[in-house]
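Step one of this worksheet: look at the structure below.
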Amino acid sequence: MNPYDLIPRFRAQYDTNNQEFSISGVVRPQSIDELAPSLTLLKESIARVRGILYVNIRRLTQMNNTAFHAFSRVIIDACRTRPDLKFVVITSSVVGWTTRKFGRLHGLEPNITVEEYDSQFYPGQSFLEEGGFIPILRTQTKMTWRHERKILPRHGMQPGIVMADICCGIGDFAVLVQKEFQPARIVALDHSRSSLDYARSVAADFDIRGIEYTYGDASEMLLEEDQFDLVTCRHSLQIFNRPELILKELFRICRPGGRVYITNEKNSHCLGEPRADSIQWTYNEVAKLFKHFEMDVELGPKSRRYLIEAGFEDIRVESFMVTNGDGDPQDFADVITAWENVYAGDMAVRRGDDPEMIERFRQGFQDHIFAALHPKGYAGWPIWVASGRKPS
Amino acid sequence: MIVASRDTDFGPMIQVDMEIKSFLSMWLYCDQISSYLARMVSHNRSDSVRHSNLFSSVANELLEVAFRTRHPDGELACRVSRQGRVDRIELTFPCTPEERQFYREALSQIVGSATGDRYMNSVSGDLSPSREVVLLELAVDYKAKLRLEETEADTIKLVVDLPLEDLPSEPV
C-alpha cells in the first residue's frame, strides 16, 4: 500500500451544541463505500437535530461528484422525510466551486439554503474599504518601508526565498519586497476583492511579475501547509477579533525552520510635541474605540506572547518609530488626516458618540498634525515587529 | 464576432504520460495528477490559488472518467495548453469501441439550454453519477466546452476548454 493512502484526506464531525455537521479536506473517494462512516454520521446528525442542521463545508477544498452526490442524496432524502427540518449549508467565498455547486440543492429542495461565510471576522475591513483608504495605505507603507527594509533581513528575508504576504491589502508591500529582495516567489493573499483588483492593476501597469495575488480568508487559507520560507502579516492581527486563528494558519503554511513575521501597533503610544496631552488623550480613545469594535490596536507589545502561544521558537521582537522626520512631514500629516476621517468621522459616529466627544477626539488628531508640520515639532507612530521560527 | 480558436493557437504547458496499467493501479493517481497539474499551470493566473482549486476539480473528474475505462492496455496522456484566458485539457486514453460510442453520444447531449435541468435531475436521482453526468457537470458548473477528437482505434481524446478566468467569483 502506498503510504499516501494512509493519510486521512478528510474529516467529518458533528457538533451537538451547534447542531453542525462539518466536513473538511479533500473528499475524492472511488466509491461511496469509503464514505460509509461519514454518511452514517450525517444520517445520525439528522436524526438528532430539531429545527436546523448546519452543514459546514467551509474547509472542504475538494469533493468529487461521487461524494457530492452521496452527501446530497442523504440531505435531499431527509428533506422529504422530515419536512420540519431545514438545512443551512455554510460555504466559504474562498473555495470557488462550493457555493455554486451546493447552491443548486436549493433548487431541488427549498428547505436547503446555502450561506456564504464571509468577512464577519474582519470587523475593520468595511471601515477601511469604504473609506477611500487606498492612497493612505500607500503612504503608510512608504513610511514604514524605510524602517522595515533594514529590519526584514533580521527576520528571515533574503533573496530567493518563497514567501507569502497574508492580508496583503493593496499589495504594495509585496511589490517593495520584490524589488528590494528578489524572492523566488511571492503569494499575496487578502480578503478584499477591491484591494486585490487594485493590486493586480498596479502590477499590470508597471509590468510587475512574480507576485501571485490571491483571494482568501487568512483564518482558513487554501494554501498548502509547510511551503513558505517566510510568511509576513502586517498590521492585521490587530484588526482581527481572533488573532490566534490567523497565527495558527500562518504557522501551518510556514515551512519548518521558516519564519513568520508580524507587525502591529500600540496606538495609545502615538505621540507628539507640542500639544502632547491632547494627542495622548485622543490615541488612548482610539484604542478604546477599536476595542468597542473587537479590534486590539494595542497588540504590538503582545506579539511575543502570541507567537510563543502559537508554537513558534526563537522569537525576535523589535520596534521602530515612524516620525515626521521620515521623508516629507506632509505624508505624516496626510496619514493622520485619513485616520481622523475614518476614526472620528465614521467609527465614532457608528459607536454613537456625541458631537462634543467627537470634537475633542478630532482635536487630538489636529494637534498631531500640528506637531508633525511644526518646524520644531515631533510626531511619532510606533510599530512593533516580531517574528518567530517554526520548529523543524 | 467570435472566431473559433485554432488548435495551433493553444500553447502547450505540461503533459503527463502514463501506462494505463500503472494509472489504473491506484485511484489516488487521479487526485495526485490533477493537483500537480493544477499547481503547475495556475501560478500566472489572476488568482493562482482559486484557479488551482477549480482546475484541480475539473482535471480530477476527467481523470476519474478515464479511470473507469474498460480497456486494459495502452497509454494515458493528459496535456494542458493555454490560449489567453482559456485553458485546454486534452485527455487521451484507451477505450473499447462501445465506450467510444458512449462518449460520442454523451457529448452530443451536452448542448443547449436544458443542460442545467438535466444535471439537476441527475442530482436528485438515486443513482451514483455516471460518466455522462460527470461531463455534464463540467459544462454546467465550470462552463467547460467539451468535444471528442478523432484518434486511432481503441483510444479516445476528450478536449475540454476551460474559461476559469472568466468564471464568476460570486455565486450564480
Side-chain angles (χ1 to χ4, degrees), chain A residues 1-2 4-5 7 9 26-32 34 61-70 72-73 76-77 80 91 93-105 107-109 114 116 185 187-189 193 196-197 200 203-204 209-216 221-224, chain B residues 25-32 34-35 38-39 42-65 67-68 116-117 119-131 133-138 140-143 164 167-172:
Chain A
M1 180 181 279
N2 187 306
Y4 191 76
D5 293 346
I7 301 169
R9 316 283 327 280
V26 177
V27 192
R28 288 174 166 174
Q30 184 170 1
S31 80
I32 60 168
E34 296 165 46
T61 50
Q62 293 290 354
M63 176 178 261
N64 67 4
N65 274 304
T66 302
F68 173 72
H69 191 274
S72 300
R73 194 62 260 166
I76 290 168
D77 285 348
R80 290 168 187 172
T91 64
S93 58
V94 173
V95 187
W97 57 271
T98 49
T99 305
R100 184 179 291 108
K101 192 157 177 166
F102 279 86
R104 296 192 188 284
L105 298 180
L108 292 171
E109 287 295 336
V114 175
E116 198 170 67
R185 181 186 174 207
V187 174
L189 177 144
R193 287 203 165 96
L196 289 170
D197 287 346
R200 289 190 189 111
R209 292 158 198 259
I211 304 174
E212 299 165 34
Y213 290 108
T214 186
Y215 175 71
M221 292 185 275
L222 279 185
L223 298 170
E224 289 167 38
Chain B
S25 68
M26 191 169 79
W27 174 254
L28 271 169
Y29 280 139
C30 302
D31 173 70
Q32 289 174 328
S34 60
S35 300
R39 207 176 303 143
S42 298
H43 285 289
N44 52 356
R45 282 310 198 187
S46 60
D47 188 326
S48 57
V49 177
R50 173 179 183 271
H51 188 274
S52 176
N53 182 253
L54 295 171
F55 188 95
S56 173
S57 294
V58 175
N60 179 69
E61 293 296 344
L62 289 170
L63 287 163
E64 288 188 9
V65 163
F67 198 92
R68 298 185 198 282
D117 292 340
Y119 174 63
M120 293 287 279
N121 289 338
S122 75
V123 174
S124 60
D126 285 332
L127 298 171
S128 289
S130 64
R131 285 177 284 185
V133 169
V134 168
L135 298 175
L136 187 61
E137 195 259 341
L138 299 184
V140 171
D141 276 339
Y142 300 90
K143 309 291 177 213
L164 298 180
L167 206 61
S169 298
E170 305 296 338
V172 180

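Note that this is a predicted model, so its numbers are computed, not measured. Here is the naming used below: chain letters follow the sequence lines, and residue numbers restart at 1 for every chain.
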Query raised in the report: Does any heavy atom of chain B fall under 4.5 Å from the side chain of A:R73, the backbone, both, or neither of them?
Result: side chain
Requested in this report: Determine whether the side chains of A:S72 and A:R104 contain a donor N or O and an acceptor N or O closer than 3.5 Å.
Outcome: no
**Report entry** Toward chain A, the part of B:V140 with a non-hydrogen atom under 4.5 Å
**Finding:** both
Report task. Sort B:S42 into side chain, backbone, both or neither according to what part of it lies under 4.5 angstrom from a heavy atom of chain A. Result -> neither
Report summary line: CG of A:L223 to OG1 of A:T61, rounded to nearest 0.5 Å, is 11.5 Å
Query raised in the report: With a cut-off of 6.0 Å (strictly less than), are more than 12 heavy atoms of other residues, nucleotides or ligands near CZ of A:R80?
Result: yes
Query raised in the report: At what distance, to the nearest 0.5 angstrom, does CZ of B:R50 lie from CG of B:L167?
Result: 5.5 Å
**Report entry** Segment of A:V114 engaging chain B (4.5 angstrom heavy-atom cut-off)
**Finding:** neither
Requested in this report: Keeping the roles fixed (side chain from B:N60, backbone from B:S35), state whether a donor-acceptor pair exists under 3.5 Å.
Outcome: no
Requested in this report: Could you label the plane-to-plane angle of the B:F67 and B:W27 rings as parallel, tilted or perpendicular, counting under 30° as parallel and over 60° as perpendicular?
Outcome: perpendicular
Query - Interface residue of largest heavy-atom contact number with chain B, from A:M221, A:Q30, A:M63, A:K101, under 4.5 Å - result: A:Q30
Query raised in the report: Between A:E224 and chain B, which part of the residue has a heavy atom less than 4.5 Å away: side chain, backbone, both or neither?
Result: side chain
**Report entry** Side chain / backbone / both / neither for A:I76 at chain B, heavy atoms under 4.5 Å
**Finding:** side chain
Requested in this report: Can you tell which part of B:S130 gets under 4.5 Å to a heavy atom of chain A, answering side chain, backbone, both or neither?
Outcome: neither
**Report entry** Interchain contact, B:R39 with chain A, by part (heavy-atom threshold 4.5 Å)
**Finding:** side chain
Query raised in the report: Between atom OG of B:S56 and atom CD of A:Q62, what is the distance when rounded to the nearest 0.5 Å?
Result: 4.0 Å
